[in-house]
Amino acid sequence: MAKAAVLGYGTVGSGVVEVLDTNSAEVEKSAGEKIEVKYILDLRDFPGDKHEKQIVHDIEVILNDPEIDVICETMGGLEPAFTFEKRALEKGISVCTSNKELVAVHGPELVKIAKEHNCSYLFEASVGGGIPVLRTLNTSLKHEKIDSITGILNGTTNYILTKMDREKIGFATVLKEAQDKGYAERKPEADIEGYDACRKTAILASLMSGQYVKYEDIETEGITKITQEDFAYARSLGMSIKLLGMIKKNNSGFFTMVSPFLIPSENPLAFVNDVFNAIVVHGNMLGSTMYYGKGAGKEATASAVVADLIDLVIHKGSHMDVNLTDAPAQLSDNGSYVHRFFVRVDENSEEQARELFGSEIEVVESKEVFGEFAFVTDLISEKDFKAKYSQLEKPKGFLREL
Ligand code: NDP
Ligand code: HSE
């Protein structure tokens with residue numbers, strides 16, 4: 001029997017214990033042996049909980065118990081999670097985690113430590129919640145030359161955008177709903193300002209390149225500027241608005257970005273709603289594949305953590321290779337990247353907008369919005385667009401088109 005410890009008995013950690021309880025027979029069959037949760041580390045006690053006897057408050061109890069084979073870190077945050085994970089790996093205890101903040105910052109270092117100590121570091125749940133996309137990249141797609149990854153990578157913001165569009169509910173109300181459902185980060189700015197999607201994009205970009213992409217280097221914009229007017233225009237255009245993380249390989253390195261995009265209705269990403277995420281991976285031989293599922297929430301995320309836990313038990317005493325190194329990846333200048341842009345200006349700025357963006361613009365009308373002029377530009381580079389947009393006297397916002 002393998003013995004595990006779960007660090008953090010919150011949304012994901014309690015889900016991990018629940019998955020192991022509910023699917024114990026399937027887990028045993030898959031791992032080749034039973035997996036018992038010997039300890040659960042948390043700051044609080046959980047009186048009356050089925051697992052209250054396993055609760056401990058001191059990490060030393062876990063790290064000094066030679067029976068512990070595997071640790072699931074589901075506390076979140078950089079510290080003390082980093083120190084706990086590092087110390088476990090240094091003792092040869094394999095670790096899996098849902099903590100994308102930590103993986104984005106210290107992933108390569110932790111993988112290296114795991115390798116040096118004949119154990120493994122896995123982090124499937126750090127991207128796309130329950131979707132087995134990292135494992136797929138690391139196994140089924142390992143022989144492919146991946147040239148782009150585009151994804152809806154944050155469940156909270158996709159839930160908010162879906163509700164704002166379909167039910168016209170205000171931003172703050174929907175955010176509260178997402179928090180109540182356990183989707184949001186402890187500090188919800190991480191979701192709505194795009195930081196969480198940025199960290200996931202950094203992890204995907206690192207795995208795609210086999211190098212290290214610093215999340216701080218990824219141009220990131222969240223969804224806080226999206227308004228009901230944007231949705232009204234999007235409906236006129238037959239498009240959806242989604243927060244995307246994007247990585248594209250080009251001659252000079254990797255173009256990376258996190259930003260809300262207008263997505264044409266024929267694109268499958270336009271149909272990814274509520275807490276669901278989807279990641280489109282393009283390989284040179286394979287073409288495009290899309291991975292879809294719940295991007296946040298207790299059970300789905302916990303299922304991904306348990307998948308790692310099972311792999312770690314199967315590979316006890318050896319290192320499972322992960323394509324993550326600390327060699328810095330070369331990011332290319334975003335300025336040359338070309339899109340169409342949807343632009344809103346005050347109606348008094350129509351003439352100026354036409355002068356700046358030329359006759360190729362496509363005017364967008366909505367019966368729900370007044371006092372504005374809205375249009376879609378022709379294909380234009382980021383750099384040229386921003387130069388022109390900054391000259392507009394009364395701009396009201398813009399969105400990129402996928
Ligand atoms: P929660 O806040 O629900 O759970 C974290 C738990 O860890 C809490 O019980 C917390 O206790 C406990 N904890 C915090 N610090 C310590 C510590 N120093 N020692 C012991 N226990 C501690 O977070 P989630 O479960 O939502 O998220 C956990 C991680 O998983 C995060 O990194 C998150 O980004 C990631 N994640 C979350 C998903 C989700 O859908 N929720 C999906 C995918 C990843 P207390 O509450 O008392 O502070
Ligand atoms: N807050 C994150 C989200 C949790 O909403 O996607 C899953 O990583």
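Excluded from the calculations below are hydrogen atoms, water molecules and symmetry mates; all remaining heavy atoms, backbone and side chain alike, are included. Order of appearance sets the numbers: ligands from 1, and atoms from 1 within every ligand. Positions are given from 1 along the sequence.
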Within a distance under 4.0 Å of any heavy atom of [X], pick out the atoms of ligand 1 and give their elements.
| X | value |
| --- | --- |
| A125 | 43 (C), 44 (C) |
| R186 | 2 (O), 8 (C), 10 (C), 45 (P), 46 (O), 48 (O) |
| N99 | 32 (O) |
| P80 | 18 (N) |

With a cutoff of 4.0 Å, is G129 in contact with ligand 1, counting heavy atoms of the residue only?
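Checking ligand 1 against G129, which is what was asked, there is no heavy-atom contact under 4.0 Å.
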
Parallel, tilted or perpendicular, judged at 30° and 60°: which one describes the rings of Y233 and F342?
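Y233 vs F342 ring planes: tilted.
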
Geometric class of the H339/F255 ring pair [parallel <30°, tilted 30-60°, perpendicular >60°]
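Correct class here is tilted.
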
From the options V275, D42, T74, select the one whose nearest heavy atom is closest to atom 11 (O) of ligand 1.
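Result: the heavy atom closest to atom 11 (O) of ligand 1 is in D42.
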
Nearest to atom 33 (C) of ligand 1 by heavy atom, Q179, K298, E185: which?
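Of the listed residues, E185 has the closest heavy atom.
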
Pairs of nitrogen or oxygen atoms closer than 3.5 Å, one from [X] and one from ligand 1: do any exist?
| X | answer |
| --- | --- |
| G182 | yes |
| G297 | yes |
| A296 | no |

How far is [atom] from its nearest protein heavy atom, and which residue and atom name does that atom have?
| atom | answer |
| --- | --- |
| atom 30 (O) of ligand 1 | S98 OG, 2.7 Å |
| atom 6 (C) of ligand 1 | G10 N, 3.6 Å |
| atom 5 (C) of ligand 1 | M75 O, 3.5 Å |
| atom 43 (C) of ligand 1 | T301 CG2, 3.2 Å |
| atom 47 (O) of ligand 1 | R44 NE, 2.9 Å |
| atom 27 (O) of ligand 1 | V12 CG2, 4.0 Å |
| atom 32 (O) of ligand 1 | G76 CA, 3.2 Å |
| atom 3 (O) of ligand 1 | T11 N, 2.9 Å |

Ignoring hydrogens and geometry beyond distance, is a side-chain donor-acceptor pair present between T377 and R340 at under 3.5 Å?
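There is no such pair (donor and acceptor under 3.5 Å, judged by atom type) between the side chains of T377 and R340.
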
Classify the side-chain pair E189/Y195 by whether it contains a donor and acceptor separated by less than 3.5 Å.
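E189 vs Y195: no donor-acceptor pair found between side chains.
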
Between [Y] and [X], is there a salt bridge with N-O shorter than 4.0 Å?
| X | Y | answer |
| --- | --- | --- |
| K163 | D274 | no |
| K142 | D321 | yes |
| R235 | E368 | yes |
| E60 | R87 | yes |

Looking only at atom types and distance, does a side-chain atom of T157 sit under 3.5 Å from a main-chain N or O of D191, one as donor and one as acceptor?
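No.
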
Centroid-centroid distance, F341 to Y389, less than 6.0 Å:
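No - the distance between ring centres of F341 and Y389 does not fall below the 6.0 Å cut-off.
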
Is the distance from the ring center of F82 to that of F84 below 6.0 Å?
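Ring-ring flag for F82/F84: false, centres at least 6.0 Å apart.
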
Could you tell me, for ligand 2, which of its N or O atoms are under 3.5 Å from any protein N or O, listing the pairs and their distances rounded to 0.1 Å?
residue: ligand 2; atom: 1 (N); partner: Y183; partner atom: O; Å: 2.7
residue: ligand 2; atom: 1 (N); partner: E185; partner atom: OE2; Å: 2.7
residue: ligand 2; atom: 1 (N); partner: D191; partner atom: OD1; Å: 2.8
residue: ligand 2; atom: 5 (O); partner: G155; partner atom: N; Å: 3.3
residue: ligand 2; atom: 5 (O); partner: T156; partner atom: N; Å: 2.8
residue: ligand 2; atom: 5 (O); partner: T156; partner atom: OG1; Å: 2.6
residue: ligand 2; atom: 5 (O); partner: Y183; partner atom: O; Å: 3.1
residue: ligand 2; atom: 6 (O); partner: N154; partner atom: ND2; Å: 3.4
residue: ligand 2; atom: 6 (O); partner: G155; partner atom: N; Å: 2.7
residue: ligand 2; atom: 6 (O); partner: K200; partner atom: NZ; Å: 3.1
residue: ligand 2; atom: 8 (O); partner: K100; partner atom: NZ; Å: 2.4
residue: ligand 2; atom: 8 (O); partner: K200; partner atom: NZ; Å: 2.7

Return a yes/no value: protein heavy atom under 4.0 Å from atom 21 (N) of ligand 1?
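For atom 21 (N) of ligand 1 the answer is yes, since some protein heavy atom falls inside 4.0 Å.
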
Nearest atoms (heavy-atom pairs only) where I93 meets D69
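I93 and D69 have their closest heavy atoms at CG2-O, 3.5 Å.
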
My understanding is that only residues two or more places apart in sequence, or in another chain, count here; which of them pass ring pair (Phe, Tyr, Trp, His ring centres under 6.0 Å) with Y215?
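Once residues adjacent in sequence are excluded, Y215 has no partner under the ring pair (Phe, Tyr, Trp, His ring centres under 6.0 Å) criterion.
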
Hey, does T74 have a side-chain heavy atom less than 4.5 Å from the side chain of N99?
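No; the side chains remain at least 4.5 Å from each other.
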
